[in-house]
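Here's the structure, in structure tokens; my notes come after.
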2 protein chains.
Amino acid sequence: MKPISPIIKPEPLHVQAYKYIQNYLLDNEFSPGERLTELGLAAMLGVSRGPVREAVRLLIHDGLLVQKGVHIYVFDPTFDDVIDVYLCKERLEPLAAKLSAQHMSQASHDTLLDIINRTKQALEQDEKRNIVNFNTEFHDLIIQSSGNKQLIQFMNLIHAKNLYMRNNILSNYDRRDHFFEEHVRITDAIINGDGEQAELEMKMHIQNDINMLGTIFKSNQKDDSK
Amino acid sequence: MKPISPIIKPEPLHVQAYKYIQNYLLDNEFSPGERLTELGLAAMLGVSRGPVREAVRLLIHDGLLVQKGVHIYVFDPTFDDVIDVYLCKERLEPLAAKLSAQHMSQASHDTLLDIINRTKQALEQDEKRNIVNFNTEFHDLIIQSSGNKQLIQFMNLIHAKNLYMRNNILSNYDRRDHFFEEHVRITDAIINGDGEQAELEMKMHIQNDINMLGTIFKSNQKDDSK
DNA sequence: TATCAGTATTTTGTCAACAATTTAAAAATT
DNA sequence: AATTTTTAAATTGTTGACAAAATACTGATA
């Protein structure tokens, strides 16, 4: 018998714990370098240590938490770490754009255009929160539409770290002016089904980000003594 | 006081469990699609379910195990999965070659040349096992020498899946004749410190693999009815 | 005051038990 | 014989307890 009125079963605690702690990290509710204890997290979530342990192990695997000896700390990225992530992103996300241009459905085309429109509005009204959110939506849709499972897994990891770093080390990283035009160009290429062009535009888009990072880090170079 | 005679402490059981099960998977001691139980694995390793659970969760995260409902199965890759992995590899490993060419130490240069020599010998004497092992060593050294943490993490995941698939779906994937010359070319570029060239050679190397995959899969296309 | 030894506390590592589900098997009814 | 119902077994989800290790603390000694 097929389920008609699906009873929503709660997700297992370890899954909830993973998502919850991840969100907490991405929202930067913990300080970078801060030490976390299983018991503390368990108390926070109102569960026992078991599920928390599983979640923590996964987050360590993802690189959002770091294990030193037996203890767990919140990832405290260096400039080099940021560059490392962006170099991978530069290679993988253009591939996602290419594949998306070749595969994306009509429905997703519409969604993509919708995101572009909303971004435009958000820019006009200077709604910073939305600008960031729509940017995330844009890149996410392209990734998910690529249809490449391995790529999606990697980009999810990159995305999490990226989001985390954005609110941290990159907090005063002011969005460039041109990113919107670049998004439009990428969108055009995808909708035209031009994989090569989509790939190229995405690559340039990320390279602009990297260049921007270079200028930021140069001004902070003094602190780089250690 | 600095530790002189370091007492070797055994790794935690969950770490051992992870490595053990992973090796088991990579050696294809389990059948693809086979169902695994926590209790079964625990009995196999002679530990309780706790550490096994943590290991299994990680392996699911890595994609070597798959969760359907509440149960755990050994990853059973399709042709598409193989292609997905190789497309990512094609993007990331050339980056590794480039970075290695820029960073690699003299000692690693020597190691690289040594691997090349041993590969040559293995080829002459047709020691298949060694040919595969040295190939792995070669690629691994280049990855690890890249100095990019994010890249290393991703390539480790790819490497595991790749190894797993090689013994599975790619089992009768006969190594190409030209791979050795390609390795030599890559090595030359790296030792010359020519990042661009190293990147290019590595890219061609992997593209040759992908082309080979294409011919293999085409001949199996008939079974692709489902 | 600084250093060391010893003690107490915290935290992780591991296990075993129990509850809750799911799956498999057996029995019964049509 | 086929389908449902009931019962039993197996498996995962979760917790609490205990051991072992690491850390922090205290007081004594020089």
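The chains referred to below are lettered A, B, ... by the order of the sequence lines, with proteins before strands, and numbering in each begins at 1.
Judged by closest nucleotide on DNA chain D, B/R57 is the one of B/R57 and A/V70 placed further toward the 5' end. Sequence order on DNA chain C of the closest nucleotides to B/R35 and B/S48 puts B/S48 first from the 5' end.
Note on ring orientation: taking the six-membered ring where Trp is involved, the planes of B/H61 and A/Y18 are perpendicular (angle over 60°, cut-offs 30° and 60°). Relative orientation of the A/Y24 and A/Y20 rings is parallel, given thresholds of 30° and 60° on the angle between their planes.
Of the candidate nucleotides D/dT11, D/dT15, D/dG13, D/dG13 has the atom nearest to the side chain of A/H14. The nucleotide whose nearest atom lies closest to any side-chain atom of A/P51 is, among D/dG13, D/dT15, D/dT11, D/dT15.
For the pair A/N148 (side chain) and A/Q150 (backbone), a donor-acceptor distance under 3.5 Å is present. Without hydrogens or angle criteria, A/D81 side chain to A/T78 main chain gives a donor-acceptor distance under 3.5 Å.
Applying the 4.0 Å criterion to OP1 and OP2 of D/dT15, one finds that B/R53 has every side-chain N and O outside that range.
One atom, NE2 of B/H71, and another, C1' of D/dA10, lie 9 Å apart when rounded to the nearest Å. Atoms CD (A/Q67) and P (D/dA22) sit 13 Å apart, rounded to a whole Å. The OH atom of B/Y73 sits 11 Å away from the C1' atom of D/dT11 (whole-angstrom rounding). Nucleotide D/dT11 holds its P atom 18 Å from the NZ atom of B/K68, rounded to whole Å.
Between A/K203 and A/E93, no side-chain nitrogen of the basic residue sits less than 4.0 Å from a carboxylate oxygen of the acidic one, so the salt-bridge criterion is not met.
Reading DNA chain C from its 5' end, the first and the last nucleotide to sit under 4.0 Å from a heavy atom of chain B are C/dT14 to C/dT23.
Counting only heavy atoms from C-beta outward, the side chains of B/E90 and A/R91 never approach each other to under 4.5 Å.
The residue B/G50 sits apart from the nucleic acid: no heavy atom pair falls under 4.0 Å. The residue B/L36 sits close only to the backbone: its heavy atoms come under 4.0 Å of sugar-phosphate atoms, none of a base.
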